[in-house]
Amino acid sequence: MGLLRLVYDERHRLHRDPGDRHPEGVWRVERALEELRESPAWSHVDTVGAPEPDYGAVLLAHDPEYVEWIRVECSRGFHYVDADTYVNEHTCDVAASFAAASRDAALASAETGTPWFVMARPGGHHAGRRGPAMGAPTLGFCVFDYASVAARVLADRGYRVAVLDFDAHHGNGTQEILWEDYRVLHLDAHQRWLYPGTGSVEDVGGPGAEGTKINVPLYPGSGDGHYAWFLLEVVERARTVFRPDVFVVFAGFDAHRDDGLTQLEATERAYALFGSYLGRLLESGELRGVVSILGGGYGRGMARSFRSYVEGLLGLAEEPRVVPVSPGRFVEQGVGRALELLSSTVRSRYPPRV
Ligand SMILES: [Zn+2]
């Protein structure tokens with residue numbers, strides 16, 4: 001039985017809405033941790049703190065102008081920087097600490113084969129290089145994009161990286177930051193028409209990186225079957241083409257049916273499926289590392305979903321049988337085109353050695 005290294009650090013509590021009205025509250029990480037303590041997985045979990053804030057890690061993903069701007073905003077104390085996103089005097093340092101944790105966890109996982117999970121707050125995947133990404137009106141509760149930080153440091157060390165984002169919202173920040181980076185495969189399933197409105201199946205990556213970004217928009221009410229399809233027909237097929245060494249997972253649990261912000265109607269089984277899949281690849285040596293970073297999850301289902309994912313990752317739960325359900329011809333065809341482009345990008349970027 002393997003071990004999971006879990007980055008939990010009380011400093012996340014410093015990022016808070018004094019009125020406790022914002023959905024991205026302190027309780028989320030605390031409740032998730034309580035739930036994990038009740039699981040048989042807990043005896044396989046080793047918790048570690050986060051490193052000190054490191055803006056060098058942040059700069060792997062963001063432009064210095066944005067970092068300077070948001071630090072000035074943080075220094076002004078609690079207020080909203082846009083209609084969705086609050087900061088206070090601690091927020092930037094808290095986020096820079098989890099950015100450093102994501103960087104270090106990614107490298108440690110790749111070097112040792114141990115899975116890592118970073119209990120990060122505030123959110124990450126909506127923060128683009130220079131702030132709100134791809135025309136989004138806000139930062140969507142996010143300050144720094146931890147997944148891009150982890151992906152970039154791994155790619156810079158020569159690893160092939162896959163970012164798997166199963167958060168119910170599209171990772172527009174991650175997509176923008178990694179758009180032209182052929183070294184990183186970005187696989188993102190999300191609820192269509194939901195904030196931030198991006199993530200079309202026709203978005204496949206910038207020049208030289210075509211096919212390395214694959215988006216799967218799902219209809220409200222989709223449920224576990226669509227996630228099983230995403231895993232089998234998209235993630236697994238893209239993996240066999242791209243052959244990543246490491247998965248960086250933006251693990252948002254807000255597609256759960258008990259979540260108040262989304263309508264995807266998934267259950268814990270979908271998250272157990274993702275966890276089991278990754279755990280199996282790690283165990284068999286097909287992957288060198290898996291680092292997961294906490295994303296969304298704003299309702300009662302979040303903690304149970306987190307627990308199911310971790311139990312799956314550690315091989316402690318039976319892999320649920322879920323019948324895959326296609327999200328429709330249009331998405332199927334779009335994914336097919338993206339996979340063809342991915343094949344040709346891989347052939348030209350990583351020619352076989354003779
Ligand atoms: Zn989300």
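In each ligand, atom 1 is the first atom listed, and ligand 1 is the first ligand listed. These numbers come from a predicted model, not from an experiment.
- Contact check on Arg129 versus Asp145 returns no salt bridge, with no Lys/Arg side-chain nitrogen under 4.0 Å from an Asp/Glu carboxylate oxygen.
- Here the two rings, on Phe78 and Tyr86, have centers that are under 6.0 Å apart.
- If you look at His169 and ask which of its N, O or S atoms sits nearest the Zn ion (ligand 1), the answer is ND1.
- Between His186 and His170, the ring planes are parallel. Angles under 30° get that label, and only those over 60° would be called perpendicular.
- Closest N/O/S atom of Asp167 to the Zn ion (ligand 1): OD1.
- Less than 6.0 angstrom separates the ring centroid of Phe141 from the ring centroid of His22.
- At a cut-off of 2.8 Å, His190 is not counted among the residues with an N, O or S atom near the Zn ion (ligand 1).
- As for Asp254, its N/O/S atom nearest the Zn ion (ligand 1) is the one called OD2.
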